[in-house]
Amino acid sequence: MLNFEELKSFLNEKADQYNSPDFIEDDPIQIPHRFTLKQDIEIAGFLAATISWGNRKSIIKSADKMLEVMGNSPYDFVLNHSEKDLEILQNQSIHRTFNGEDFAYFIRQFSKIYKDNESLENLFIVNHPETNFLHAIERFRKSFLETEKHRSHKHVSSPYKNSSSKRIIMFLRWMVRKDKHGVDFGIWENIDQKHLSIPLDVHTGNISRKLGLVSRTQNDWKTVEELDAAIRQFDETDPAKYDFALFGLGVTKELL
């Protein structure tokens, strides 16, 4: 086991190693990187993050399919689609359990939100004295999903139900984190990156346990907060940079 300073140095080194433009090529973050308009980045990013489970090549291929449907202009499509455009999607396969019906639902919800908001950022504001996105995610869910039950609700997970909310946390990292290496966008100006958490999945969870950062065996919201407490000791201003370290170590199996 490494001591505190050794572990901090090791993780900083790995974060710098993997937080580079090379990371973009094989990661779903390449999808929003195809755009420059803020709203295009948000929509493409949210959709890519939503389907980010399983093989990364498959995720990117499925995201390409969604972009093609939207004419590679997500924001314009969200604002100006016809109901017929969405009816065509109903029986299409998109990515695993995320199907055409879910895609159409997301488009409708985006349309409602962007009529009243310039940016999705408005729905994720972290209020004082909150220290992470626990309540912000739930406020977003309430606005985005509304109250009527729909099968698509399962694709926007709830930390109130102790989900790690990995895909939303990853999307938030993309949007909020000011990244000198040009991987994350940092296009949201009113949310401090100090509130970000690590997107927790099997790989980052296993590496975190191997390094002694967490003790809980489940990959749930309680473990997200346990990991928050650990990584913020290393850098309280930019804790999410350690996602690159943990993810990189998980992919390369360097510690296994």
Side-chain angles (χ1 to χ4, degrees), residues 1-20 22-24 26-29 49 52-54 56 59 124 126 129-138 157-181 183-186 191-256:
M1 293 293 290
L2 303 174
N3 65 35
F4 178 85
E5 288 301 330
E6 289 170 338
L7 183 54
K8 178 179 178 179
S9 177
F10 175 69
L11 290 175
N12 281 334
E13 177 189 329
K14 291 302 174 182
D16 281 339
Q17 178 182 341
Y18 293 109
N19 185 189
S20 74
D22 294 340
F23 181 87
I24 298 171
D26 298 317
D27 192 80
I29 200 173
S52 285
W53 77 95
R56 286 197 289 169
I59 294 165
F124 281 104
V126 178
E130 297 165 5
T131 59
N132 61 27
F133 282 90
L134 169 67
H135 303 300
I137 290 171
E138 291 297 333
S157 54
S158 168
Y160 278 12
K161 296 179 181 177
N162 204 27
S163 167
S164 69
S165 301
K166 175 245 179 179
R167 297 189 288 276
I168 301 178
I169 292 293
M170 182 174 70
F171 168 72
L172 291 169
R173 195 203 83 205
W174 295 353
M175 298 298 109
V176 173
R177 184 171 176 267
K178 308 294 187 284
D179 186 2
K180 62 184 178 181
H181 300 291
V183 180
D184 294 324
F185 293 89
I191 301 175
D192 196 315
Q193 65 184 17
K194 71 181 181 180
H195 299 309
L196 291 169
S197 300
I198 299 289
L200 184 66
D201 60 12
V202 171
H203 302 295
T204 54
N206 288 343
I207 294 298
S208 296
R209 292 180 191 96
K210 189 170 282 288
L211 292 171
L213 296 171
V214 297
S215 58
R216 288 176 53 79
T217 56
Q218 304 94 327
N219 295 318
D220 57 18
W221 188 263
K222 290 178 182 176
T223 305
V224 170
E225 293 191 326
E226 184 183 5
L227 187 53
D228 277 351
I231 60 171
R232 290 176 184 183
Q233 292 182 64
F234 302 134
D235 190 337
E236 63 180 9
T237 64
D238 185 17
K241 73 180 181 185
Y242 295 111
D243 182 28
F244 291 97
L246 299 179
F247 180 81
L249 289 167
V251 169
T252 60
K253 296 179 170 57
E254 183 178 331
L255 297 181
L256 299 181

Once you round to the nearest 0.5 Å, how far does [atom1] of [X] lie from [atom2] of [Y]?
X: Leu211; Y: Leu7; atom1: CG; atom2: CG; answer: 5.5 Å
X: Asp201; Y: Arg167; atom1: CG; atom2: CZ; answer: 10.5 Å
X: Leu249; Y: Gln17; atom1: CG; atom2: CD; answer: 8.0 Å
X: Leu227; Y: Arg209; atom1: CG; atom2: CZ; answer: 9.5 Å

Residue pair [X] / [Y], side-chain heavy-atom distance below 4.5 Å:
X: Ile168; Y: Phe133; value: no
X: Arg173; Y: Ile29; value: yes
X: Ile59; Y: Trp53; value: no
X: Ile207; Y: Phe247; value: no

Where [X] and [Y] come nearest, the two heavy atoms and their spacing:
X: Asn219; Y: Val202; answer: ND2-CA, 3.7 Å
X: Ile137; Y: Ser157; answer: CG2-O, 4.1 Å
X: Ala240; Y: Ser197; answer: CB-O, 4.2 Å

- State whether the number of non-hydrogen atoms from other residues, nucleotides or ligands found under 6.0 Å of Lys222 atom NZ is greater than 12. no
- Query: Are more than 12 heavy atoms from other residues, nucleotides or ligands located less than 6.0 Å from atom NE2 of His181?
  - Reply: yes
- Message: Could you walk me through whether Leu213 and Leu246 satisfy the side chain to side chain contact (heavy atoms under 4.5 Å, CB included) test, starting with their C-alpha distance in whole Å, then the side-chain angles of each, then the deciding distance to 0.1 Å, before giving a yes or no?
- Response: CA-CA 11 Å; Leu213 296 171; Leu246 299 179; 4.1 Å; yes
- Message: Is the distance between the ring centroids of Phe23 and Phe244 under 6.0 Å?
- Response: yes
- Message: Strictly below 4.0 Å, N to O, side chains only: are Arg177 and Asp179 in salt-bridge contact?
- Response: yes
- Query: Which salt bridge (Lys or Arg N to Asp or Glu O under 4.0 Å) pairs, counting each pair once, include a residue from residues 4-15, with sequence neighbours left out?
  - Reply: Lys14-Glu254
- Between Ser9 and Asn12: side-chain donor-acceptor atoms closer than 3.5 Å: no
- Item | From CA spacing to verdict: side chain to side chain contact (heavy atoms under 4.5 Å, CB included), Arg232, Thr131 | CA-CA 11 Å; Arg232 290 176 184 183; Thr131 59; 4.1 Å; yes
- Message: Parallel, tilted or perpendicular: which one describes the rings of Phe234 and Tyr242, with boundaries at 30° and 60°?
- Response: perpendicular
- Task: Report the residues that fulfil side chain to side chain contact (heavy atoms under 4.5 Å, CB included) with Pro199, sequence neighbours left out, ordered by chain and then residue number.
- Result: Lys166, Ile169, Met170, Asp243
Backbone N or O of [Y] within a donor-acceptor pair of the [X] side chain at under 3.5 Å?
X: Lys180; Y: Lys178; value: no
X: Glu130; Y: His135; value: no
X: Asp238; Y: Gln193; value: no
X: Asp184; Y: Gly186; value: no

